[in-house]
Amino acid sequence: MPKKRSGGGLSPTQQAAKFLGVSVLAGAVMAGIAVPAFGALGLAAKGSVEGFDEIPANLKRPPLSQRTTILDNQGGQIATVYSRDRTVVDLKDISPYIQKAIVAIEDARFYEHGAVDLKGVLRALNKNAQSGGVSEGASTLTQQYVKNVFVEEAGNDQTKVAQATQQTLGRKIRELKFAIQVEEELGKKKILENYLNITFFGQQAYGVEAASQRYFSKPAKDLELQEAALLAGIVQSPSRYDPVNDEAEATKRRNTVLQRMAEVHDISRAEATAAKKKPLGLKVSKPNNGCITAVKDASFFCDYVREEFLTNPVFGKTQKARAKVWDQGGLTIRTTLDPQAQKSVQTSLKDHVNQSDKVAAASTLVEPGSGKILAMGQSKPYGYGKNETEINYSVESKMGGSNFGFPTGSTFKPFLAAAALEQGKPPTQVYPAPYEMPYPDSVQACNGKTWRNSENATVENEDESESGPYPLKKAMELSVNTYFVQMLQDTGMCPVVEMTNKLGVVQGNGTKLPQVPSTLTLGSTGIAPLTMASAYAAFANRGTYCTPVAISSISQQLGGEKKSLRVPKSECSQAMSEKTADTINTLLSGVVDSGTGQEAGLTDRANAGKTGTTDFRKNAWFVGYTPNLSGAVWVGSATQKVKMVNITIGGTWHEKVFGGAVPGPIWKDAMTGALSGKESPSFNLVNIPNGDKDKNKDRDKDRDDDGDNGDNNDGNGNNGGLIGGNGNNDGGNGQPDSPNPTFSIPDDWTIGGNGNSSGNNNGGGDGGTFP
């Protein structure tokens, strides 16, 4: 820092700086043009390499970032999200009191000077030169507006924000040149309007409209004198003069503004005195930002919409480009969420599963033929407290879901059956299906490979009364494990993989399903509920699969212009023949009519579905549909450490949990409410003769004793929690602890480990080998 000479006064360096600064500023203001030689020298001396001449002539004014509104399919508001809470309004919609107050306290001569107040500059330079630093500013309202434009352009980049606000003469000169341009282009009223819309008022409020709503819960056009003075006073230091946290300091500052308004004759002294006596009159509205504030219990769906925007290339080629558009906001996003369906899902979940239960439940409803997601909910609400979670159990990990999804159990069997039917297997196909049997010696896989049962692994049914032979219809109704293992041997794994690929079925981490028998028969691999609901919707849609979509339309209003944005469209394709789909619909109608899903069956309309329960009852599912709505329900522990035996769920004691008993009724109630008042179309059913053997229709025949302990694996043989990382499961290294599995598991069989199979098997290795 330059030093003063002994005895006071300015040092030669200070005098030169003062003279140079005044010359540069005064010359620029007077002429409105460049100042050659002095510019480069003066700015370089203060940390800038640009000369005044070299500063770009045009100030780029980015559209102001605003809040984004997310709507349901009826136009009802779900939530508002924003990088900066701001609502841009015209000057006519801003109280004259706040217009006068902000001018009085920030730039009383605003209407008298040009881009720069020369008197103010000289006064500030003189004081700063004497202090040897920057102790007083001389920015006009126009210059402050320009600085705010720089800050707005910097966005959330803190380095750029610091550069836009650094206290250097170089920055002041840049502001000066752009201020000259702004004054010429916009005029005083527009500058004031822009300033009031861009500036920060504290408490996450940007612009006077958001500030008025935040502090007084009213629009800016209705601000009274004392309220306007309070807001105008905040601008200089939003933290210091925050009326929410320091009422005394804010009151003192408000009264200073009122006094200044009287001094410049905007109000009378009597009006100022009267206003000073009034209380602050705060009526604070808390910031209402983000999906956590969503109504209709739609926080997880809201979050899914946000993830869709940030990950889908339709909204920008790069993640950075998409994030920029999202942060700019000003979006009105019309979604596919149906308020009736959403309410029904959440009501059903709350009726059957308590927030404090050891397990959670998630449910998603999808419209066949369009892919529209109509509802998405879960029993543990969105949040960060006890019995809350930010993990969306309904979706893949890349969309905010669990790391691997959840093992689906017997709900996978219809995919195998569809693949077999497509290969020419008759719907009357009969297999011996004994109570217990070894896995086949070999099963054909894709790319000419063969899986071999090198460890002599076995599979068995739920109880000894289940022994064949069985036809397909009865095997599906009773969920006979050994039947479908034989079907896989006959069909081969590749047709099943091709079918699931067409149905969009992938693991919860987004990777393809592993080619191992337990995955492709008994659902040992983790899959997300939305994926299952969308895949089953293809059965309802007579074989045509449509990718799920959550966004119907988006409009964006920025800088006074409104435009429509392109949105992702559902892509529909024929995954199987109509005959195959009709046959599956017939088979699964039997499940809810006389099989394991009787407790889930709807009584007023055509419906079909499948139950699923994984080993040790760590996951229970019901996935079902009508011709016009498909839904999946999962119940279990996100960490996969809770065995649902002798357990209370939703206040009801269960000795054993299975797909038909807990997820089934959730599905039934959710679908009933969602479809209330809606049309009731029929399936195109086919005639499938019943088999001669009528087995006990025990509702608990959906359990899949495939050796999978229901846990997902981290790929290294260690069972990591679905939302936690790579912690070891209570069974240790992918092996069950107790009770003992119902069939033997080879020593090198890991649930999701590398095993001896090709590639990583996240969620269900069979211990076999590929030669």
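In what follows, residues are counted from 1 in the order of the sequence shown. Since this is a predicted model, take the numbers as computed values, not measurements.
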### Query
For Y304 and L530, what are the C-alpha separation, side-chain angles and deciding distance, and is it a side-chain contact (heavy atoms from CB on, under 4.5 Å)?
CA-CA 11 Å; Y304 180 83; L530 174 59; 3.7 Å; yes
### Query
Please, which pairs that meet salt bridge (Lys or Arg N to Asp or Glu O under 4.0 Å) have at least one residue in residues 507-528, sequence neighbours excluded?
none
### Task
Report yes if some heavy atom in the side chain of L472 is under 4.5 Å from a heavy atom in the side chain of Y483; otherwise report no.
yes
### Message
I need the minimum non-hydrogen distance between A606 and P627, along with the two atoms involved.
### Response
O-CD, 3.7 Å
### Task
Go through the structure and list residues passing side chain to side chain donor-acceptor pair (under 3.5 Å) with T336, not counting sequence neighbours.
none
### Message
When you compare the side chain of M576 with that of F539, does any pair of heavy atoms fall below 4.5 Å?
### Response
yes
### Query
Which pairs pass side-chain hydrogen bond (donor to acceptor under 3.5 Å, both in side chains) with one or both residues in residues 540-555, sequence neighbours excluded?
R542-E578, R542-D582, T544-Q574
### Task
Return the set of residues passing side chain to side chain donor-acceptor pair (under 3.5 Å) with N585 (not counting sequence neighbours), or none when no residue passes.
Y625
### Message
Is it the case that the side chain of S410 and the backbone of T611 share a donor-acceptor pair, with hydrogens and angles ignored and the cut-off at 3.5 Å?
### Response
no
### Query
If only atom types and distance count, is the side chain of R605 paired as donor or acceptor with the main-chain N or O of L675 below 3.5 Å?
yes
#### Entry: Distance-only side-chain donor-acceptor flag, K668 / S348, under 3.5 Å
no
### Name of the residue among T408, N481, T521 meeting side chain to side chain donor-acceptor pair (under 3.5 Å) with K413
N481
### Query
Any side-chain heavy-atom pair from V395 and M376 closer than 4.5 angstrom?
yes
### Task
For T347 and S344, indicate whether the former's side chain and the latter's backbone hold a donor-acceptor pair under 3.5 Å.
no
### Summary
The reported gap from OG in S637 to NZ in K643 (rounded to nearest 0.5 angstrom) is 12.0 Å
## Note on the structure
One should read off an interatomic distance between L374 CG and L629 CG, to the nearest 0.5 angstrom, of 6.0 Å
### Query
What's the spacing between W667 CH2 and F622 CZ if we round to 0.5 Å?
5.0 Å
### Task
Sequence neighbours left out, what passes side chain to side chain donor-acceptor pair (under 3.5 Å) with R322? Give chain and number order.
none
### Message
As a quick check of understanding, evaluate side-chain contact (heavy atoms from CB on, under 4.5 Å) for F309 and I554, giving each step before the final call.
### Response
CA-CA 11 Å; F309 194 100; I554 299 180; 3.9 Å; yes
### Task
May I have the step-by-step check of side-chain contact (heavy atoms from CB on, under 4.5 Å) for V549 and V567, ending in yes or no?
CA-CA 10 Å; V549 291; V567 300; over 6 Å; no
### disulfide bond (SG atoms under 2.5 Å apart) partners of residues 512-556, not counting sequence neighbours, each pair once
C546-C572
#### Entry: Side chains of T511 and Q507, donor plus acceptor under 3.5 Å
yes
### Message
Contact between Y536 and L588 at the side-chain level, heavy atoms closer than 4.5 Å - yes or no?
### Response
yes
### Message
Within this structure, what is the SG-CD distance for the pair C446 and Q515, rounded to the nearest 0.5 Å?
### Response
4.0 Å
### Query
Considering all heavy atoms of both residues, which atom of L310 and which atom of Q319 are nearest to each other, and what is their separation?
O-CG, 4.1 Å
### Task
Enter the distance from M671:CE to S363:OG here, rounded to the nearest 0.5 Å.
9.0 Å
Taking only distance into account, with no hydrogens and no angle test, what donor-acceptor pairs under 3.5 Å do side-chain atoms of residues 354-362 form with protein atoms, sequence neighbours excluded?
from: Q355; atom 1: NE2; to: N387; atom 2: O; distance (Å): 3.3
from: D357; atom 1: OD2; to: N354; atom 2: N; distance (Å): 2.8
from: D357; atom 1: OD2; to: G650; atom 2: N; distance (Å): 2.7

## Note on the structure
In L71, V81, I551, T69, the residue satisfying side chain to side chain contact (heavy atoms under 4.5 Å, CB included) with I333 is I551
#### Entry: Any donor-acceptor N/O pair, Q340 side chain to G673 backbone, under 3.5 Å
yes
### Task
Rounded to the nearest 0.5 Å, what's the gap from OG1 on T335 to CG on N73? Could you check?
6.5 Å
### Backbone of P495 reached by a side-chain donor or acceptor of Q423 within 3.5 Å
no
### Message
Just to verify, what does Q346 make a side chain to side chain contact (heavy atoms under 4.5 Å, CB included) with, not counting sequence neighbours?
### Response
D297, Q342, L349, K350
### Message
So T525 and P514, do their side chains get closer than 4.5 Å, heavy atoms only?
### Response
yes
### Message
Please find the pair of heavy atoms, one from T580 and one from A418, that lie closest to each other, and give the distance.
### Response
CG2-O, 3.7 Å
### Task
Carefully, step by step, assess K324 and D327 under the rule salt bridge (Lys or Arg N to Asp or Glu O under 4.0 Å).
CA-CA 5 Å; K324 182 177 180 180; D327 288 342; over 6 Å; no
### Query
Do P517 and M493 touch side chain to side chain, with heavy atoms closer than 4.5 Å?
yes
### Task
For Q378 and I391, indicate whether the former's side chain and the latter's backbone hold a donor-acceptor pair under 3.5 Å.
yes
#### Entry: Check: S630 side chain, A533 main-chain N or O, donor-acceptor pair, under 3.5 Å
yes
#### Entry: Positive for salt bridge (charged side-chain N to carboxylate O under 4.0 Å, His left out) with D72, one of K343, K296, R334
K296
### Query
Is the closest side-chain heavy-atom distance between L520 and L416 below 4.5 Å?
no
### Enclosure of K372 NZ (heavy-atom neighbours >12, cutoff 6.0 Å)
no
### Message
Going by side chain to side chain donor-acceptor pair (under 3.5 Å), name the residues that satisfy it together with N312, two or more places apart in sequence or in a different chain.
### Response
E308
### Message
Whether the side chain of W621 engages the backbone of P407 through a donor-acceptor N/O pair (distance < 3.5 Å, no angle test) should be reported.
### Response
yes
### Query
Less than 4.5 Å apart, any side-chain heavy atom of L565 and any of L331?
yes
Show me the donor-acceptor pairs within less than 3.5 Å that the side chains of residues 498-505 make with the rest of the protein, sequence neighbours left out.
from: T500; atom 1: OG1; to: V496; atom 2: O; distance (Å): 3.1
from: T500; atom 1: OG1; to: V497; atom 2: O; distance (Å): 3.0
from: N501; atom 1: ND2; to: V497; atom 2: O; distance (Å): 3.3

### Query
Going through the checks in order, is the side-chain contact (heavy atoms from CB on, under 4.5 Å) test met by V345 and F301?
CA-CA 12 Å; V345 162; F301 177 80; over 6 Å; no
### Query
Does T614 use its side chain to pair, donor to acceptor, with the backbone of R617 at less than 3.5 Å?
no
### Query
What salt bridge (Lys or Arg N to Asp or Glu O under 4.0 Å) pairs are there with at least one residue in residues 380-404, not counting sequence neighbours?
none
### Query
If we ignore angles and hydrogens, is there a donor and acceptor under 3.5 Å between the side chains of T364 and S394?
yes
### Task
With sequence neighbours excluded, give me every ring-ring contact (aromatic ring centres under 6.0 Å, His included) pair touching residues 340-382.
F300-Y382
### Query
In terms of the angle between their ring planes, are W634 and F406 parallel, tilted or perpendicular, with boundaries placed at 30° and 60°?
parallel
